Amino acid sequence: MDKSGFNNCLNQFCGPQQHEPKKPCNYSYICLFLRVMSIAKTYLPQETEKKWYSYWLKHEFFKSVPDEREPYTIVIPPPNVTGVLHMGHMLNNTIQDVLVRRARMKGKNACWVPGTDHASIATEAKVVAMLKERGISKKDLTRPEFLAYAWEWKEKYGGIILEQLKKLGASCDWDRTRFTMDESLSEAVIDTFIHLYKKGLIYRGIRMVNWDPQGKTAVSDEEVIRKEVNQKLYYIRYEVVVDELSAMSEARATHHSPLSTHYVTIATTRPETIMADAAICINPNDERYLHLHGKKVFIPLINREIPVILDEYVTMDFGTGCLKVTPAHDLNDYELGQKHHLPVIDILNDDGTLNKEAQILVGEDRFAARKKIAVLLEEAGALVKVEDYKSQIGFSERTDAVIEPKLSMQWFCKMGEMAKPALDYVLNGEIKLIPDKFINTYRHWMENVRDWNISRQLWWGQQIPAWYLPDGQFVIAKSREEAFEEAKALKSQISNLKPEDLTQDPDVVDTWFSSWLWPISVFDGFKDPNNADINYYYPTNDLVTAPEILFFWVARMIMAGHEFRGEVPFRNVYLTGIVRDKLGRKMSKSLGNSPDPLDLIEKYSADGVRVGMLFCSPAGNDLMFDESYCEQGRNFANKIWNAFKLIKGWEIDDNLANSNTIAIEWFGSRFNEALGDIEADFAQYRLSEALMATYKLVWDDFCAWYLEMIKPAYQQPVDRATYTATVQFFENILKILHPFMPFLTEELWHDELFGERAEKDCCIVAQLPNIGEINSRILNDLEIIKAVITQVRNIRNTKQISPKEALELSVKINSGLQYQQYEPIIVKLGNISRFTPVADKVNGAINFIALTDEFYIPLSENVDPVAERARLEKEKEYLSGFLKSVNAKLNNERFMANAKPEIIEIELKKKTDAEAKLTILEENLTALAD
RNA sequence: GGGAGUUUAGCUCAGCUGGUUCAGAGCAUCUGCCUUACAAGCAGAGGGUCACUGGUUCGAACCCAGUAACUCCCACCA
């Protein structure tokens with residue numbers, strides 16, 4: 001059996017965290033091995049993660065109540081209540097958890113408020129679909145019946161996503177979990193609606209809205225996705241109404257005109273709406289159509305007369321230069337209609353079918369009608385031609401239905417007044433966007449903001465507190481009773497008005513009308529604006545979210561913060577990228593290119609996945625996710641586990657003196673240096689870089705160098721001082737790793753290696769180490785020593801000398817570096833039998849240069865003079881070139897005059913170093929020739 | 001149509017006010033190793049005309065102009 005087979009076998013017999021075989025085995029050497037090695041060979045996360053998450057919960061480490069400490073607050077971007085965890089959530093919540101855990105370990109009172117969003121359109125669509133499966137149609141239900149089903153659905157599926165977050169390790173204060181339709185949050189929505197209405201910021205009006213015929217609701221501009229679609233452009237001929245006067249002039253002009261004067265041809269992508277036409281519009285400057293000024297035309301098929309109007313809005317060189325105006329079904333046409341006082345003829349039902357106004361094709365769906373009308377027009381001889389045409393079409397984000405511009409009575413919230421301060425907060429830096437490239441986009445949007453359509457024709461959500469009187473007047477009030485009182489106060493009130501005569505507006509408010517209050521409402525800041533929580537936690541610190549919702553969520557939260565608290569809702573907005581697959585495609589359910597996050601956790605551990613996500617996530621840039629990052633994360637966890645295993649296996653001998661003072665001094669300095677780098681990275685929200693710095697510190701500096709330096713020979717004891725220092729280092733490493741890898745670090749934290757721990761002495765609440773002293777001389781020296789060791793190893797490799805074979809190494813020191821004090825390290829890591837300083841060159845030995853010092857390995861039989869000469873010549877050539885460019889600079893008067901003194905000094909040092917090295921090279925070349 | 005961004009090694013990305021061995025890191029690749037912490041590993045190595053073309057400067061991956069490709073946001077051309 002080879003080693004890997006052995007390992008597999010071992011894993012089979014060892015359950016998670018099991019150190020003994022589950023059943024007796026015949027492999028006696030396995031049993032022997034197990035007795036010797038009582039620690040699992042690889043880190044086994046499953047049980048560990050469950051264990052520590054419940055431990056944290058049990059000891060309420062996530063829980064936060066106001067106290068004298070500085071608060072650190074994040075409110076979660078509430079995921080859709082019926083949603084399931086996807087990669088975007090993984091990224092987003094990993095980042096939040098890293099920030100929260102780090103804040104906690106810096107002594108702050110960290111509070112991460114979780115919750116879910118009722119997501120009216122998405123949830124209602126799901127409930128409708130669920131009912132349909134059960135054979136129930138929404139039409140047949142009363143509003144309360146439907147809502148009962150919806151709540152049932154919410155209760156059943158509402159918690160799933162939060163449970164999934166726990167698997168990731170999210171350290172939210174679950175006692176604070178909120179839902180945007182919780183009683184107090186809904187009340188806040190209604191109260192703010194009334195407040196804004198009274199302030200004149202909410203109004204009701206007929207507007208062209210984005211109508212989703214499938215969801216049967218209006219959606220906001222932000223929820224419309226524009227896509228380029230292949231369409232047809234239909235050229236349709238309208239007959240010009242001939243009156244007597246024009247008939248005469250026409251008779252005279254007819255043979256001169258290239259265009260028929262009896263007909264006018266328009267181009268449209270929507271022939272099914274011709275029945276709603278209110279006019280034909282031409283550009284007044286269009287000479288081709290002068291004869292149409294003041295005329296009327298017949299709509300084909302239905303022969304209704306409509307006027308020809310003139311407006312410069314029409315582009316002469318597009319289509320035929322002649323536009324049909326359909327105010328009810330096109331935003332531009334609507335505005336044109338308003339300008340020219342045209343009637344509005346709406347021929348569509350809410351579900352996108354044609355209504356009676358259309359006169360023909362009544363009841364047909366708009367797309368079916370389009371095809372059919374083309375045939376009818378063709379038959380009537382009114383269809384001139386059909387061309388292929390590409391254009392942008394709006395689709396509903398939620399249902400993917402083609403958006404229908406539709407006139408309807410809607411509620412609006414005025415934005416202009418609120419946008420101003422919200423823009424200023426970002427421009428003057430009170431709120432930082434990370435990365436700041438989003439400031440421009442934010443400004444552009446805020447300066448061109450349009451009023452917010454806040455009504456939705458749905459049942460799931462907060463019902464608009466508008467009450468209609470039988471005569472059509474309305475009042476805004478919290479309840480029927482209050483509405484009745486208000487109604488009685490109206491000037492032209494109806495006699496004998498009874499409360500039951502009032503009908504409440506059936507619409508609900510847009511989901512974002514509750515989410516924009518989130519940072520305030522989760523702390524009950526509306527009901528009780530002066531409570532201890534809101535005073536302590538608000539404004540929150542960081543908001544972590546996707547740039548896609550910068551406008552309809554982030555911007556509006558800022559507005560609400562200003563409007564209702566006179567303060568920003570948060571200080572920093574960290575905008576994550578979009579998670580894409582390797583091919584750069586956005587991960588989505590429909591493409592099926594998104595891995596299930598829970599499967600990933602199962603496979604690579606939560607720590608591994610967290611690390612994997614962060615490896616590839618620079619702020620604001622999209623990330624090309626690949627499972628291999630998680631694999632790397634898992635491998636990292638395993639590496640740490642093995643370092644632990646090594647240290648754990650040591651025995652201490654108190655009689656031994658500390659033989660590793662240099663190594664300890666070096667790693668201590670290196671650790672502090674890295675700590676500073678990590679701190680700086682976090683200060684700039686460069687999370688992947690902070691992680692990478694940690695990764696390298698642990699893997700390279702600690703494992704590959706430090707542990708190798710101090711590690712005692714097999715089965716040899718270690719001295720107490722080295723052991724203590726190493727355990728201390730390892731504990732500090734666990735601390736800086738904890739925000740990234742909470743489970744593994746907590747598991748190791750409690751090992752007896754670190755002595756007895758009190759019950760609440762946990763890594764999660766440990767305080768991060770402060771940056772201590774940095775000995776930069778030792779740091780610099782060690783870089784040289786490492787280079788020497790690498791050179792020796794390289795020589796071994798190229799000369800095919802086994803690492804087991806010890807080599808002699810001598811050095812001719814020119815630089816003055818104190819190699820003697822590093823001798824134990826060089827000897828150990830280079831496997832050197834004897835390290836001797838020499839006064840003269842060693843002939844016939846393999847040599848290399850570090851700094852300006854010459855190193856020799858006496859292996860004359862391995863020296864190939866030809867190859868050696870070639871190598872030296874090549875190096876010499878490079879150095880001469882380098883020296884030449886340095887000299888060119890130094891001889892350049894303008895460089896000497898303009899460059900900063902420290903730059904010149906550096907160049908001078910480069911020159912002397914290069915010259916010294918060249919001298920050595922030349923000497924070596926001469927020696928080779930002898 | 002308007003605006004923003006990106007382009008550096010096979011991949012994902014650093015590179016701060018132009019000036020250290022300024023061309024870097026991780027992964028991947030290649031070579032050699034089952035060296036009792038770790039093959040989910042160890043040691044070593046090889047990868048780049050910094051998108052292209054000009055300009056400014058003593059000096060440019062970095063600043064300026066233009067070009068190309070890609071991405072995103074905004075917008076009413078039927």
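Please read all numbers here as calculations on a predicted model, not as lab measurements. The sequence lines fix the lettering, A, B, ..., with proteins before strands; numbering per chain opens at 1.
Using a 30° and 60° split on the angle between ring planes, A/Tyr695 and A/Phe615 fall in the perpendicular class, above 60°.
Remark: the backbone N or O of A/Lys324 is not paired with any side-chain donor or acceptor of A/Asp277 at under 3.5 angstrom.
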Worksheet entry | Contact letters for nucleotides 23-33 of chain B, in which S counts primed atoms plus P, OP1 and OP2 and B counts the base, heavy atoms under 4.0 Å | --SSS------
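A/Tyr706 has its ring centre less than 6.0 Å from the ring centre of A/Phe702.
Distance check on atom P: B/U67 versus B/G26 gives 39 Å, rounded to whole Å.
Residue A/Ala899 has its side chain nearest to B/G19 when only B/G19, B/C38, B/A14 are considered. Taking every side-chain heavy atom of A/Thr42 into account, B/A40 is the closest of B/C73, B/A40, B/A37. Comparing atom distances between the A/Phe882 side chain and each of B/G41, B/A43, B/U21 picks out B/U21 as nearest. In this structure, the nucleotide among B/C73, B/C38, B/C58 sitting nearest to the side chain of A/Asn642 is B/C38. Among B/U20, B/A14, B/C38, the nucleotide with an atom closest to any side-chain atom of A/Lys645 is B/C38. Here the side chain of A/Val314 is nearest to one of B/C38, B/U21, B/A78, namely B/A78. Residue A/Lys900 places its side chain closer to B/G19 than to any other of B/C73, B/A37, B/G19.
Contacts of A/Cys281 with the nucleic acid, taken as non-hydrogen atoms under 4.0 Å apart, are absent. Here A/Glu805 lies out of heavy-atom contact (under 4.0 Å) with every strand.
Between A/Lys828 and A/Glu708 no salt bridge is recorded (no basic side-chain N to carboxylate O distance below 4.0 Å). Ion pairing between a basic and an acidic side chain is recognised when a charged N comes within 4.0 Å of a carboxylate O; A/Glu387 and A/Lys232 show no such pairing.
When the side-chain nitrogen and oxygen atoms of A/Lys711 are compared with OP1 and OP2 of B/A37, one or more of them lie within a distance under 4.0 Å. In this model, the phosphate group of B/U21 is approached by a side-chain N or O of A/Lys910 to a distance below 4.0 Å at OP1 or OP2.
Contacts between residues 788-796 of chain A and RNA chain B, defined by a heavy-atom separation under 4.0 Å, are made by A/Thr790, A/Arg793, A/Asn794.
Nearest-nucleotide positions on RNA chain B for A/Asn898 and A/Asn440 put A/Asn440 closer to the 5' end.
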